[in-house]
Amino acid sequence: MSDFFDLEETDVAPAAPPAAASFPDMPFLTDLNPEQRRAVEQTEGPVLVLSGAGTGKTRVLTTRIAYILGTRRATPWQVLAVTFTNKASREMKERLEKMIGLPARNTWLGTFHSIGIRILSRWPAEAGLQPHFIVLNTDDQERLVKQILSDNGVDIKKYTPAVVLDIIQRWKDRGLEPAAVTPAEDTGYCDGRVKGFYQLYQNRLRELNAVDFGDLLLLPLNLFKTHPDILARYQEQFRYILVDEYQDTNVAQYLLLRLLSQKHRNICCVGDDDQSIYSWRGAEVENILKFQDVYPDALVIRLERNYRSTAHILGAASALIANNAGRLGKTLKVADGRDGSGDRVKVQGFWNGKQEAETVIARVEDEQRHGTPLSQMAVLVRTSSQTRAFEEECIKAGIPYKIIGGFKFYEREEIRDAVAYLRLTLNTDDDLAFSRVVNKPRRGIGDSAMQSVAAAAKEHHVSLFDAIAWAELRPSVRKTLDAFAGLVRTWRDKQNMSEPKELAQQILEESGYINMWRLDKSPDAEGRIENIKELYNVLSEFETINDFIEYAALVTDADENATGDQLVIMTLHASKGLEFDTVFLPGWEEGLFPHQKALDESGEQGLEEERRLAYVGLTRARRKAFVSFVSNRLVYGQWQNALPSRFVEELPAEHIEDCTDRQTGYGFRAEDVAPLMTGWQPRSAFPQQQNHTRFKQSDDYANSPFAAAETRATAGRLVNSLTPRTSRSKSRRLGKRVYHETFGFGTVVREEGDRLEVHFDDHGLKKVLARFLSEA
DNA sequence: GGGTTGCCCGTTTTT
DNA sequence: CGGGCAACCC
């Protein structure tokens with residue numbers, strides 16, 4: 001499952017692999033097109049492969065590794081291949097093993113972060129860590145920052161831990177230690193105190209012997225800076241370096257790669273500037289754009305033959321992305337020998353999100369009837385909150401589905417708790433884990449008890465766990481804590497004797513944790529127990545708990561594979577690198593996609609990144625793509641009306657088919673609008689773009705989704721001006737006839753906020769909440 | 001110490 | 001609409 005996590009001793013080069021079939025007998029080379037082949041065979045020197053969507057970049061990367069190994073240019077141990085997701089590296093490893101017919105065991109193939117762990121685990125002391133440091137998850141990080149802010153008298157309502165943490169992360173992404181942050185860069189938030197908090201945060205991490213995601217890159221960088229000898233051995237070791245998704249590397253990753261590749265200079269980066277969608281996480285498209293500046297002798301290869309999508313899908317996607325400025329410029333072509341242009345991209349507007357979801361799922365069923373497996377279809381959304389509507393429709397229709405992203409398995413409360421128990425068992429000095437579980441289930445350990453334990457810990461310079469012995473405690477609390485500590489010790493002593501799964505079961509039983517949920521009568525308790533059982537299953541695939549903990553710190557749901565025939569529902573971000581026969585792209589509305597926040601915070605650049613996201617979405621589709629938007633969407637429990645995304649308009653007419661049902665589907669229905677329409681003159685709701693001939697002034701226009709949009713937009717404004725925005729408005733409900741589930745019909749006689757006083761016909765005067773009433 | 005209530009908040013994307 | 005949190009009560 002994660003064999004690149006078994007951190008083997010790396011000092012000794014393993015023996016060379018048994019002779020593979022020697023080139024040119026390697027059959028896989030002949031499957032490549034000339035550009036791909038060039039990218040594989042140019043093993044020496046820096047190579048930049050600009051690889052459009054669906055042009056076979058994974059194939060190039062894996063073949064290149066196989067070629068390097070097969071021609072005995074290097075042993076597996078001397079090849080470093082980095083990817084962004086565990087899934088990508090797993091896939092690459094599998095494909096590689098298929099090609100070379102050998103386990104790719106000794107290659108350094110993994111995510112940047114797993115490579116970081118591997119290096120730090122090898123040199124903990126030199127990197128300023130102790131062995132068996134822990135990797136914090138987002139939750140832990142936020143907790144720490146919050147504590148630091150509170151300790152320093154910051155109003156965390158005004159300056160949120162999440163934002164502070166985000167600023168710190170961005171600095172880390174750029175390879176900046178606290179000392180390297182200039183005051184000028186620390187003006188944006190919290191009166192220039194964030195740099196100080198960053199330092200405190202780092203101190204705290206070291207105290208806890210913990211690292212965060214950013215440290216997995218930052219600490220190796222520092223290690224190499226302070227220990228040139230260590231750097232030198234890695235530089236020597238890595239004869240060939242390959243990088244996937246290069247457009248998404250941040251500065252720290254760039255610096256690492258540059259350092260590591262200095263000796264042999266055989267670095268091959270594969271990426272697509274049009275698919276750069278992680279700038280908010282510190283990714284620098286600049287890295288790809290300036291590759292040739294850093295390596296003037298670089299060979300640049302463009303892969304433009306698309307083997308994935310139909311001509312219409314490619315045409316639509318290409319036209320869309322052409323609206324972005326500052327691209328390196330690639331033109332995707334349908335690869336030779338592929339027939340027909342396929343279906344046009346279907347575009348459809350709906351009245352609301354429910355209709356949209358219903359129709360999408362109906363289309364899913366239809367496709368399924370025509371032989372497309374569910375697993376070959378995907379619903380790709382902009383924000384995870386959009387998944388719910390589709391989930392509900394799937395349940396109604398009885399369609400098996402899998403939601404990726406959103407609530408992550410390892411971020412669920414019960415999983416984090418369970419993992420904390422395991423962490424504590426493994427390492428009783430893990431204060432974070434200790435605090436998390438010491439009173440879960442409730443053992444009567446409250447704030448005051450924890451305070452005295454913390455004080456004792458500080459005084460005696462020991463962990464919270466060890467401080468129990470020193471702390472001054474009330475007898476009952478002392479008894480409880482001693483018993484708890486005793487339990488943890490028994491688990492700790494067993495850790496090497498039992499299987500991870502068995503030990504976990506024992507821990508969660510004996511601690512009373514599972515029982516806590518068994519006794520919990522809330523509706524989701526059962527699901528939580530199921531999740532814990534699922535955790536047992538995952539555990540059974542690991543040899544040691546430690547392996548699992550390291551794995552759990554880095555995985556995300558996006559790494560999971562869909563099992564069986566399930567419809568996949570996920571965010572556009574999570575879909576990068578995947579492909580499906582049929583792709584549904586709902587929610588193409590201004591404000592949602594492009595997302596308002598992206599526009600507000602990053603302006604034109606934000607818009608372009610959103611557009612790249614749209615491009616990524618479209619290019620996931622092999623045969624069919626279905627774009628939709630609605631005029632009314634429920635956001636934060638409130639109905640808001642919306643305009644079609646500008647991206648809809650950027651899809652050229654010749655590649656789309658408008659499926660909007662204007663009788664019932666999109667915009668305001670005629671009978672709703674008619675009374676409001678007096679004197680209304682159509683005006684374009686969209687700035688016309690020069691290079692778009694579509695729908696403009698032609699007869700098509702009246703039937704286009706945009707004509708409907710204009711109607712709706714204008715009518716929407718009118719309606720809004722006439723209808724109170726929320727049900728909060730006074731006077732409107734007084735005297736209204738209402739219906740209540742329990743009390744039947746009645747009349748509103750008084751209102752205070754959401755609480756209404758209603759005189760019910762059969763039950764007299766009652767106070768009820770507005771939401772339990774409907775208009776009679 | 002623990003449970004409940006009520007308020008206020010925000011709400012993109014994730015290794 | 002839901003989560004998080006502070007204030008309040010048992």
Side-chain angles (χ1 to χ4, degrees), chain A residues 82-89 110-117 135-138 141-142 146 150 156-158 160-163 165-166 169 172-173 212-217 244-245 248-250 252-253 276-283 380-388 404-408 410-411 413 439-451 474 476-477 480 524 553-559 570-576 587 591-602 606 609-610 612-614 616-617 634-640 726 753-755 769 771:
Chain A
V82 275
T83 63
F84 266 82
T85 65
N86 298 308
K87 186 173 187 173
S89 67
T111 64
F112 274 104
H113 293 88
S114 69
I115 301 281
I117 289 196
V135 182
L136 298 193
N137 57 31
T138 318
Q141 295 177 46
E142 224 166 278
K146 190 172 160 191
S150 301
I156 58 169
K157 286 255 166 66
K158 199 167 163 205
T160 66
V163 175
L165 182 60
D166 199 56
Q169 305 265 46
K172 289 194 174 186
D173 288 338
D212 66 8
F213 283 133
D215 283 344
L216 294 178
L217 307 171
D244 193 13
E245 309 277 17
D248 286 329
T249 48
N250 60 33
Q253 288 160 336
S276 160
I277 55 176
Y278 284 111
S279 73
W280 50 273
R281 210 177 68 193
L380 308 182
V381 295
R382 177 63 183 84
T383 70
S384 36
S385 61
Q386 289 170 262
T387 57
R388 178 168 297 181
I404 295 172
F407 294 103
K408 282 159 215 57
Y410 290 94
E411 284 177 19
E413 182 185 353
N439 199 32
K440 210 164 180 187
R442 306 210 176 284
R443 301 184 172 93
I445 314 296
D447 272 353
S448 56
M450 278 307 284
Q451 298 259 327
R474 294 207 332 261
S476 63
V477 175
T480 313
D524 52 350
L554 294 182
V555 281
T556 66
D557 264 14
D559 294 320
M570 65 176 135
T571 62
L572 287 159
H573 282 90
S575 77
K576 198 176 63 162
L592 180 61
F593 191 36
H595 200 280
Q596 195 58 45
K597 209 152 188 170
L599 300 178
D600 290 346
E601 284 170 10
S602 317
E609 181 148 320
E610 295 287 297
R612 290 193 289 270
L613 204 45
V616 167
L634 198 56
V635 188
Y636 321 136
Q638 277 207 327
W639 285 103
Q640 302 197 335
T726 68
D754 266 358
R755 238 175 299 196
L769 285 173
R771 65 165 184 276

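To find a chain, count down the sequence lines: A is the first, B the second, and so on, and within it residues start at 1. Heavy-atom basis, side chains included; hydrogens, waters and symmetry copies ignored.
Separating the CD1 atom of Ile277(A) from the P atom of dT13(B) is a distance of 12 Å, rounded to the nearest angstrom. Between the CG atom of Leu217(A) and the P atom of dT14(B) there is a distance of 19 Å, rounded to whole Å. The CD-P distance, from Glu142(A) to dT14(B), rounds to 15 Å in whole Å. In this structure, Gln596(A) places its CD atom 14 Å from C1' of dT11(B), rounding to the nearest Å. To the nearest angstrom, P of dT13(B) lies 13 Å from CG of Asp166(A). Whole-Å rounding puts the Asp212(A) CG to dT14(B) P distance at 19 Å. Distance, Arg474(A) CZ to dG1(B) P: 6 Å, rounded to whole Å. Taking atom NZ on Lys576(A) and atom P on dT13(B), their separation rounds to 16 Å, with Å as the unit.
Among the protein residues, Phe84(A) comes within range of the sugar-phosphate backbone only, with heavy atoms under 4.0 Å from sugar or phosphate atoms but none that close to a base. In this structure, Glu413(A) reaches neither bases nor backbone, as no heavy-atom distance under 4.0 Å exists between it and the strands shown. Backbone-only contact: Asp447(A) has heavy atoms under 4.0 Å from sugar-phosphate atoms and none from a base.
Thr480(A) places a side-chain N or O within 3.5 Å of a backbone atom of Ser476(A) that can act as its donor or acceptor partner. In this structure a side-chain-to-backbone donor-acceptor pair under 3.5 Å is missing from His113(A) to Leu216(A).
For Thr571(A), the listed nucleotide lying nearest its side chain is dT14(B); candidates were dC5(C), dT14(B), dG1(B). Closest contact between the side chain of Arg281(A) and the listed nucleotides dT14(B), dC5(C), dG1(B) involves dT14(B). Between dT14(B), dG1(B), dT12(B), one nucleotide has an atom nearer to the side chain of Ser448(A) than all others, and that is dG1(B).
Here Lys146(A) reaches the OP1 or OP2 of dC5(C): one of its side-chain N or O atoms lies under 4.0 Å away. The side chain of Ser384(A) contributes no N or O atom lying less than 4.0 Å from OP1 or OP2 of dT12(B). OP1 or OP2 of dG3(B) has at least one side-chain nitrogen or oxygen of Arg442(A) nearer than 4.0 Å. One finds no side-chain N or O of Asn137(A) lying less than 4.0 angstrom from the OP1 or OP2 phosphate oxygen of dT14(B). Put simply, Lys597(A) has no side-chain N or O that comes within less than 4.0 Å of OP1 or OP2 on dT13(B).
Taking every heavy atom of both residues into account, Gly444(A) and Val477(A) meet most closely at O-CG2, 4.4 Å.
For the C1' atoms, the distance from dG4(C) to dT13(B) is 22 Å, rounded to whole Å.
Defined by atom type and a distance below 3.5 Å, a donor-acceptor pair is missing between the side-chain atoms of Ser384(A) and Thr387(A).
Note on Arg281(A) versus Asp173(A): no salt bridge recorded, every NZ/NE/NH1/NH2 to OD/OE distance being 4.0 Å or above.
Comparing Gly446(A) and Tyr278(A) by the nucleotide of DNA chain B whose heavy atom lies nearest to each, the residue mapping closer to the 5' end is Gly446(A). Remark on DNA chain B: of its neighbouring residues Arg443(A) and Ser385(A), the 5'-side contact belongs to Arg443(A), judged by nearest-heavy-atom nucleotide.
Counting heavy atoms from C-beta on, the side chains of Glu601(A) and Trp280(A) never come closer than 4.5 Å.
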